[in-house]
Amino acid sequence: MAFDKYINGTDELQAMMRRIDLDARIVVLGDAAFSGSNALSLYDYFIYGQEQEHLEEKKLHYNFINVPEFWEIRSEGWRGVIYDMGCRKADIYFDENHCVQRVEWRMEDGWIYKIDYYNKYALKYASEFRDMDGNVASKAFYSIRNQEIIVEQPQNDTVTLLENGCVKAFFCSYAEFIQYFFEEAGLEGERVLVVQEQEGLRLATLQSNGKSLWECVLFSNSELLDRYVGMEGKNGHRFYAIPEEYPANSAKGEALILTASDQLEGIGYFIQELPEVTFHIAANTQVSDKIWNLGKQQNVRVYTQISMQDLNALWEQCDFYLDTIIIEKSITRSILRTKRIC
């Protein structure tokens with residue numbers, strides 16, 4: 001199961017799947033700078049490989065960013081600023097503990113030409129290079145030794161994979177790069193993508209050899225799903241997480257039927273198959289012998305010429321209301337039992 005980005009609930013989802021005996025590997029396709037230990041990041045897989053097992057998580061305080069000699073780092077409210085001879089060179093964005101998340105480098109005219117990103121290992125893992133219009137021209141991902149490992153060019157939709165400064169593989173599309181990752185990491189079986197933000201729609205539409213990369217695409221909200229359907233997506237579904245615990249079931253097994261007819265399709269079947277349910281059959285008129293005889297069953301109560309007061313009391317007492325519309329027996333039985341456990 002692949003996520004467009006890492007969120008705090010990603011590891012919780014994996015735990016949920018284990019509870020229902022579903023064996024699935026969680027993969028994060030977007031930047032996973034602060035992802036949990038249970039998630040496999042596409043970028044970390046290529047950037048760190050086996051070395052990741054020996055890395056320790058630590059924080060990088062903004063005062064310890066490497067800058068040229070005599071440059072100055074100051075704290076200005078909710079961010080840090082790097083100065084050279086009074087000239088503003090970069091803005092530092094950090095979390096509530098003043099630990100660095102990204103550094104935006106700028107020219108004197110305010111153009112942000114590069115953004116450096118830092119991860120949970122206090123390493124600069126990526127740099128984003130922007131043109132004068134603010135568009136991402138390229139993005140480079142670095143190894144522990146600050147060597148380029150992955151270079152993306154979004155405008156051309158190409159990805160280059162490097163090893164020791166040499167080109168190891170070149171991909172004509174991001175979809176080819178993801179396909180290569182799945183094969184290299186040994187991720188076989190059905191591929192399910194979970195989209196949580198609008199940017200993830202780009203991943204949802206990726207194709208390899210004319211086919212979608214995903215057997216199923218799950219969306220965290222209906223608006224994203226509607227947009228995907230509008231893009232002619234055929235395999236999108238709404239995602240609902242299963243809670244770890246359900247509230248206590250207080251249902252007592254009381255079912256109300258309000259009728260003006262004795263044509264209650266399948267009522268004998270329900271009475272026999274669901275002895276634990278008490279059926280309260282109410283009518284605002286006299287009832288026929290057919291309905292009256294049902295009251296002889298141990299789990300049936302019949303109310304003739306019922307008053308509004310008594311009907312309101314039954315409505316509050318009963319857990320379920322069964323309409324007199326003819327429904328397929330097996331379906332109705334399933335619905336009734338499903339409601340009881342919810």
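Because only heavy atoms are used, hydrogens play no part in the values below, and waters and symmetry mates are left out as well, while side chains stay in.
- The side-chain heavy atoms of Ile115 and Phe129, taken from C-beta on, include no pair separated by under 4.5 Å.
- Residues Tyr113 and Trp105 form a side-chain contact, since some pair of their non-hydrogen atoms from C-beta on lies under 4.5 Å apart.
- Taking the side chain as every heavy atom from C-beta outward, Ile82 and Arg88 never approach each other to under 4.5 Å.
- Asn221 places a side-chain N or O within 3.5 Å of a backbone atom of Glu223 that can act as its donor or acceptor partner.
- Within 6.0 Å of atom CG in Asp109, more than 12 heavy atoms from other residues, nucleotides or ligands are found, so the atom counts as buried in its surroundings.
- Of the listed residues (Tyr142, Tyr125, Phe141), just one forms a ring pair (Phe, Tyr, Trp, His ring centres under 6.0 Å) with Tyr43, and that residue is Phe141.
- Within 6.0 Å of CH2 in Trp292 there are 12 or fewer heavy atoms belonging to other residues, nucleotides or ligands.
- In this structure the side chain of Val192 reaches within 4.5 angstrom of the side chain of Cys216, judged on heavy atoms.
- Considering only heavy atoms from C-beta on, Leu193 stays 4.5 Å or farther from Leu213 through its side chain.
- Linking Ile, Leu, Val, Met, Phe, Trp and Tyr residues whenever their side-chain heavy atoms come within less than 4.5 Å leaves Ile92 and Val81 in two separate clusters.
- One N or O on the side chain of Glu176 and one on the backbone of Cys172 form a donor-acceptor pair closer than 3.5 Å.
- Using modelled atom types, one finds no donor on one side chain facing an acceptor on the other under 3.5 Å when comparing Arg102 with Tyr93.
- Here the shortest heavy-atom pairing between Lys139 and Ala126 reads CE-CB, 4.1 Å.
- Side-chain N or O atoms of Asp84 include none that pairs as donor or acceptor with a backbone N or O of Trp71 at under 3.5 Å.
- Side-chain contact between His280 and Tyr303 is present, with heavy atoms from C-beta onward closer than 4.5 Å.
- Classified by interplanar angle (parallel below 30°, tilted 30° to 60°, perpendicular above 60°), the ring pair Phe181/Tyr45 is perpendicular.
- Listed here is the closest heavy atom pair of Leu225 and Gly236: CD1-C, 3.6 Å.
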**Request:** Determine, stepwise, if the pair Phe170 / Phe177 fulfils ring-ring contact (aromatic ring centres under 6.0 Å, His included).
**Result:** CA-CA 8 Å; Phe170 178 80; Phe177 178 50; over 10 Å; no
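- Glu215 contributes a side-chain N or O that, together with a main-chain N or O of Arg191, makes up a donor-acceptor pair within less than 3.5 Å.
- When the side chains of ILVMFWY residues are joined at heavy-atom separations under 4.5 Å, either directly or via intervening members, Leu162 and Ile144 end up in two distinct hydrophobic clusters.
- Remark: side-chain polar atoms of Asn293 are paired, donor with acceptor, to backbone N or O of Asp289 under 3.5 angstrom.
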**Request:** Could you give me the CA-CA distance, side-chain angles and deciding distance for Thr259 and Leu264, then say whether side-chain contact (heavy atoms from CB on, under 4.5 Å) is met?
**Result:** CA-CA 8 Å; Thr259 182; Leu264 301 180; 3.7 Å; yes
**Derivation of the salt bridge (Lys or Arg N to Asp or Glu O under 4.0 Å) call for Glu51 and Arg145** = CA-CA 11 Å; Glu51 292 180 296; Arg145 288 164 290 280; 3.1 Å; yes
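- Within the 3.5 Å criterion, the main-chain N or O of Tyr174 finds a donor-acceptor partner in the side chain of Asp157.
- Just one of Ile178, Val194, Val195 meets the side-chain contact (heavy atoms from CB on, under 4.5 Å) condition when paired with Leu203; it is Ile178.
- Remark: the Gln52 side chain and the Tyr121 side chain contain an N/O donor-acceptor pair separated by less than 3.5 Å.
- A distance-only check finds a donor-acceptor pair linking the side chain of Asn299 to the backbone of Ile271 [under 3.5 Å].
- For the pair Asn312 (side chain) and Met308 (backbone), a donor-acceptor distance under 3.5 Å is present.
- In this structure, Met107 places its CE atom where only 12 or fewer heavy-atom neighbours from other residues, nucleotides or ligands lie under 6.0 Å away.
- Residues Ile112 and Tyr117 share a single hydrophobic cluster, defined by chaining ILVMFWY side chains whose heavy atoms lie under 4.5 Å apart.
- The hydrophobic cluster containing Val159 also contains Leu187, counting ILVMFWY residues as joined when their side-chain heavy atoms lie under 4.5 angstrom apart, directly or transitively.
- Cation-pi contact between Lys59 and Phe94: absent, since separation from the ring centre below 6.0 Å together with deviation from the ring axis within 45° is not met.
- Annotation: Phe219 is in aromatic contact with Tyr228 [ring centroid separation under 6.0 Å].
- Val287 and Ala283 make their closest contact through CG1-CB, 3.8 Å (heavy atoms, listed as atom of the first residue, atom of the second, distance).
- With a 4.5 Å cut-off on side-chain heavy atoms, Tyr48 and Ser143 do not count as touching.
- Closest approach of Ala175 and Leu206 over heavy atoms only: CB-CB, 4.1 Å.
- Side-chain atoms of Asp91 never come within 3.5 Å of backbone atoms of Val103 as a donor-acceptor pair (strictly under, hydrogens ignored).
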**Request:** Applying side-chain contact (heavy atoms from CB on, under 4.5 Å), run through Leu258 and Tyr321 and close with a yes or a no.
**Result:** CA-CA 8 Å; Leu258 180 61; Tyr321 175 73; 4.0 Å; yes
**Message:** Between Glu128 and Lys114, is the side-chain contact (heavy atoms from CB on, under 4.5 Å) condition met? List the steps.
**Reply:** CA-CA 5 Å; Glu128 198 172 75; Lys114 186 177 74 163; over 6 Å; no
**Request:** Please step through side-chain contact (heavy atoms from CB on, under 4.5 Å) for the pair Leu322 and Leu256, ending with a clear verdict.
**Result:** CA-CA 6 Å; Leu322 302 184; Leu256 171 63; over 6 Å; no
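- Between Pro154 and Ser138, the shortest heavy-atom distance links the atoms CD-CA, 4.2 Å.
- Around CD of Gln309, the count of heavy atoms belonging to other residues, nucleotides or ligands within 6.0 Å does not exceed 12.
- Closest approach of Ser41 and Asp44 over heavy atoms only: OG-N, 3.2 Å.
- Residues Ser127 and Asp116 have side chains that bring a donor and an acceptor to within less than 3.5 angstrom of each other.
- Side-chain contact check for Leu161 versus Lys168: some heavy-atom pair is nearer than 4.5 Å.
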